Amino acid sequence: METIFVNQANLPRLAERIPCPDYDRSSLTAGVVHVGVGGFHRAHQAYYLHRLLAEGGAREWGICGIGLRGADRKIHDVLTEQDGLYTLIVKHPDGKVDSQIIGSVIDFLLGAEDPEPVIAKMAAPATRIVSLTITEGGYNFNPATGAFDFDHPDIRHELDHPDQPKTIYGFLTAALRRRHAAGLPAFTVMSCDNLQHNGDIIREMLLAFARRQDPELATWIDGAVSFPNTMVDRITPVTTPEDITYLQETHGIADGWPVTCEPFIQWIVEDKFANGRPALEQAGVQIVPDVKPYEKMKLRLLNAGHSVLGILGALHGYATINACMEDETFTTYLRAFLDEEVTPVLDAIPGIDVEEYKDTLEARFANPNIRDKVSRICSESSAKLPKFLIPTLVDNLARGGSIRYATLVLAAWCYYSDRRVDQDGQPLDIIDAMEQTLHESARRTTTDPVSFLRQQDLFGDLLHNERFVWEYTAQVNELYAGAEIKQRMRRLLDMGSR
Ligand code: CS2
């Protein structure tokens, strides 16, 4: 089979092999400027907009991708070479695989070396939404207090040099300043990261930054920019070399960076768009007045559930989430955590059956073809656990509920950060901006059992909660005494059923 490279000129030939965009891409304009074109964005928002474009209309809702970090050069180069096109490979639990080419990304700009084109693009009249997937850790606030971190060196630089932005805050204010001066309407800032109240948070942080940089502009932003909260969901593992080979061998398609994902997809958005929006509901997006209960359910069940499997699984020596789900101790433990610790602290959502949601979640985690690595789930745990897991623990401390399942995860996280190997002595692939600090505080556990908890930015006041400290100390001592993680999990389950 002849190999066909993914690009615009080859679309007619590619379309003989897999579904391809059949709309005229040359007539699209970028109403959406998206910062953070990772796998998730390409499997989720870009896919929804592709669906909308495929239905005709919506020509002004193409996407211009933006990378603000030096590390974004690779995706920029691949997508530019491929005219923004890429393959989305959907892997079903029964082994079925659907591949298709997505066409909604029509341009890509890098801001790290030269910020000007990015500011100009965000300030362009055609731009009506700036959306973000900049990761949970990208919002620059203190996880324990929620306060904006003005001490970050890049932030300090931007405050003094508004024309040389580096972070999302510098770029948004630079672009909004230009729009305001030109008498243009503002844009909507739409966060698509896994943060509860993600719209409220980006609003609060942007205003904190803008007030310090330019109070008058801040007042305009406050009135003119809208910040919908959103709940986003689709499990998107890191692309592997095997995915590239699969496309090549099965379809004769050469794609430099395809994306794989599960079939499940969900996007719930508040209808708060300052400058118009695509008819997202036509592509299956749920538009609701208040997203908060949905966000909370997803973060506390799915994302925290992932972290429970990821951290305990990594320590045990499992490489993937589906491998954890083949182990009855892990599935029982996960369900006990979801049922006994998370469900009681969720708010009721009319029309949503939480039991059914959890069943679906288990099936999604168990999808044997996704092979989502525990290293992806554990990556940036320092940004994730304070948002996914610790709030549940805090809620349960307040209501006198069970805390044992979540506490073991924190104890295991400490042990794992200290030892950096699994329980078979195999090195762990730890990716975390705070890796060194985590390691340093974990290392002192042998002399000071709660040393890990002294990281107040992560754990807030938990160190002063007697009940929690008692439980944590018991767990961490067991692990340091050599207890096997699965044995600890079973022991906690036994205590639960008594
Ligand atoms: C995962 C998420 O990063 C994580 O820890 O839980 O990336 C998860 O796969 C997505 O939020 C699914 O929507």
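None of the values given here were measured: they were computed from a predicted structure. Both counts, for ligands and for their atoms, begin at 1 and track the order of listing.
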Qualifying residues under salt bridge (charged side-chain N to carboxylate O under 4.0 Å, His left out), relative to Asp327, sequence neighbours excluded: Lys486
Distances under 3.5 Å, N/O of ligand 1 against N/O of the protein: list each pair and its distance.
{"residue": "ligand 1", "atom": "3 (O)", "partner": "Lys384", "partner atom": "NZ", "Å": "2.9"}
{"residue": "ligand 1", "atom": "5 (O)", "partner": "Lys384", "partner atom": "NZ", "Å": "3.1"}
{"residue": "ligand 1", "atom": "6 (O)", "partner": "Asn303", "partner atom": "ND2", "Å": "2.9"}
{"residue": "ligand 1", "atom": "6 (O)", "partner": "His306", "partner atom": "ND1", "Å": "2.7"}
{"residue": "ligand 1", "atom": "7 (O)", "partner": "Arg376", "partner atom": "NH1", "Å": "2.8"}
{"residue": "ligand 1", "atom": "9 (O)", "partner": "Arg376", "partner atom": "NH2", "Å": "2.8"}
{"residue": "ligand 1", "atom": "11 (O)", "partner": "Asn194", "partner atom": "ND2", "Å": "2.9"}
{"residue": "ligand 1", "atom": "11 (O)", "partner": "Lys298", "partner atom": "NZ", "Å": "2.7"}
{"residue": "ligand 1", "atom": "11 (O)", "partner": "Asn303", "partner atom": "ND2", "Å": "3.0"}
{"residue": "ligand 1", "atom": "13 (O)", "partner": "Asp233", "partner atom": "OD1", "Å": "2.6"}
{"residue": "ligand 1", "atom": "13 (O)", "partner": "Arg234", "partner atom": "N", "Å": "2.9"}
{"residue": "ligand 1", "atom": "13 (O)", "partner": "Lys298", "partner atom": "NZ", "Å": "3.2"}

Is a side-chain donor or acceptor of Ser307 paired with a backbone partner of Gly305 at a separation under 3.5 angstrom? no
Going by atom type alone, with no hydrogens or angles, which donor-acceptor pairs under 3.5 Å involve a side-chain atom of residues 258-269 and a protein atom two or more places apart or on another chain?
{"residue": "Glu262", "atom": "OE1", "partner": "Arg364", "partner atom": "NE", "Å": "3.0"}
{"residue": "Glu262", "atom": "OE2", "partner": "Ile235", "partner atom": "N", "Å": "2.7"}
{"residue": "Glu262", "atom": "OE2", "partner": "Arg364", "partner atom": "NE", "Å": "3.2"}
{"residue": "Glu262", "atom": "OE2", "partner": "Arg364", "partner atom": "NH2", "Å": "2.4"}
{"residue": "Gln266", "atom": "NE2", "partner": "Gln286", "partner atom": "OE1", "Å": "3.3"}

May I ask you to decide if Gly36's main-chain N or O and Thr133's side chain share a donor-acceptor pair within less than 3.5 Å? yes
If only atom types and distance count, is the side chain of Glu81 paired as donor or acceptor with the main-chain N or O of Val78 below 3.5 Å? no
Return the set of residues passing salt bridge (charged side-chain N to carboxylate O under 4.0 Å, His left out) with Glu249 (not counting sequence neighbours), or none when no residue passes. none
